[in-house]
*Asks:* 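This structure is in structure tokens; I'll ask about it shortly.
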Amino acid sequence: MEKTKKRIFSGIQPTNTPHLGNYLGALVNWIKLQDEYECTYSIVDLHSITVRQDPQKLKKQINESYALLLAMGVDPDKSTAFVQSHNCQHAELSWVLSCYTQFGELSRMTQFKDKSAKHPENVNAGLFTYPVLMAADILAYQADLVPVGIDQKQHLELARNIAQRFNQVHGDTFIVPEPYIAKTGAKVMSLQSPEKKMSKSDENPNGSISVLDDRDTIIRKFKRAVTDSEAVIAYREGKDGINNLMSIYSAVTDKSFEEIEKEFAGKGYGEFKLAVGEVVADHLAPVQNEFAKIIADKKYIDECMRKGAEKAFKTTRKTLQKVYKKVGFIVL
Ligand code: TRP
């Protein structure tokens, strides 16, 4: 008998094109996980409006993020790939779960504290309750595992607490999800400030590589990458810039640090930076070509979105009905 696969859920905001760090650190794993797990991946557009968005721009970004997910290799037949707002049950479950979440718990979320300090002009209730919506995303699918970065660990912990609390009051209802820690996945640092993670909010645009940057831009940014004055290509403490370039090169080529050190022994930084830029550009080219094809095919995108939404709705309906019965609503 076939063993039922464990379930994975993860979401990505549509408001920024993923950068190389998102890609090598997380998204590459999303693709790999599809064979071993039952995966559901969502473009979390509901989440993105906690910050004011331009509607036209947002619509374009949702389409592009979805197309990019497919271009990177998320298989809409094998997995469920959908846009969050296409499944109304996220918002419904979120309401129920918000009644099982304490004001104090949400006040302690560091991301809320950071964001509300940064945007004091728009500290809206959605920004505050956002982690409940994220819990609903995960719990609605009865996900066993959630691949998340360190910045989302506190939110996942909250989702676990909410699930446990609900289960305690009403009996087993939700799977309590665990974080999925990838065995592989590179930590990519800024090319300009290699002591910091690569981030879309880097003040210096040369610090981060978008997965849709063209070849010349990628190579130019790598050529400008900050290194050190030692002129030795080796992975060692104190060589943040070179270490980062080596990690990237290793992630893309599968070569070990020793192999890379050998390959570039006696060679200059200029040559090494160019080599890294070239392998990254080569690596992203097929994704970019596929993206160009998909984004031009609106019919195909719509079809996949619709299929994803239907699959997502079917899965979460079971959970929602169970939850509504447990809390005492009349399920017809
Ligand atoms: N909050 C996550 C982020 O900003 C995105 C997200 C929304 C998510 N719902 C999720 C991630 C559920 C994992 C599981 O990156």
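The first residue in the sequence is number 1, and the count goes up from there. Computed from a prediction, not measured in an experiment: that's the story for all the values here. Every number for a ligand or one of its atoms is a count from 1 in the order of the listing. The figures that follow rest on heavy atoms only: side chains count, while hydrogens, waters and symmetry mates do not.
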*Asks:* Quick one, Phe112 with His155, criterion ring pair (Phe, Tyr, Trp, His ring centres under 6.0 Å). Give me CA distance, side-chain angles, the key distance, then yes/no.
*Replies:* CA-CA 10 Å; Phe112 172 72; His155 293 160; over 10 Å; no
*Asks:* Check salt bridge (Lys or Arg N to Asp or Glu O under 4.0 Å) between Lys307 and all other residues, then give those that pass, not counting sequence neighbours.
*Replies:*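 Salt bridge (Lys or Arg N to Asp or Glu O under 4.0 Å) check on Lys307 returns Asp77.
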*Asks:* May I have the N/O to N/O pairs between ligand 1 and the protein that fall below 3.5 Å, each with atom names and distance to one decimal?
*Replies:*
residue: ligand 1; atom: 1 (N); partner: Tyr130; partner atom: OH; Å: 2.4
residue: ligand 1; atom: 1 (N); partner: Gln152; partner atom: OE1; Å: 3.1
residue: ligand 1; atom: 4 (O); partner: Gln13; partner atom: NE2; Å: 3.3
residue: ligand 1; atom: 4 (O); partner: Tyr130; partner atom: OH; Å: 2.9
residue: ligand 1; atom: 4 (O); partner: Gln152; partner atom: NE2; Å: 3.3
residue: ligand 1; atom: 9 (N); partner: Asp137; partner atom: OD2; Å: 2.7

*Asks:* Test Glu38 against every option in Arg7, Lys78, Lys311 by the salt bridge (Lys or Arg N to Asp or Glu O under 4.0 Å) rule and name the one that passes.
*Replies:*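 Single salt bridge (Lys or Arg N to Asp or Glu O under 4.0 Å) partner of Glu38 among Arg7, Lys78, Lys311: Arg7.
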*Asks:* Checking Asn124 against Asn122: is there a side-chain donor and acceptor pair closer than 3.5 Å?
*Replies:*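 Yes, a side-chain donor-acceptor pair sits under 3.5 Å.
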*Asks:* Indicate whether the side chain of Ser208 and that of Asp202 have a donor and an acceptor atom separated by less than 3.5 Å.
*Replies:*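 No, because no side-chain N or O of Ser208 sits under 3.5 Å from a partner of the opposite role on Asp202.
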*Asks:* Going by an N to O cut-off under 4.0 Å, is there a salt bridge joining Lys262 and Glu259?
*Replies:*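 No salt bridge links Lys262 with Glu259.
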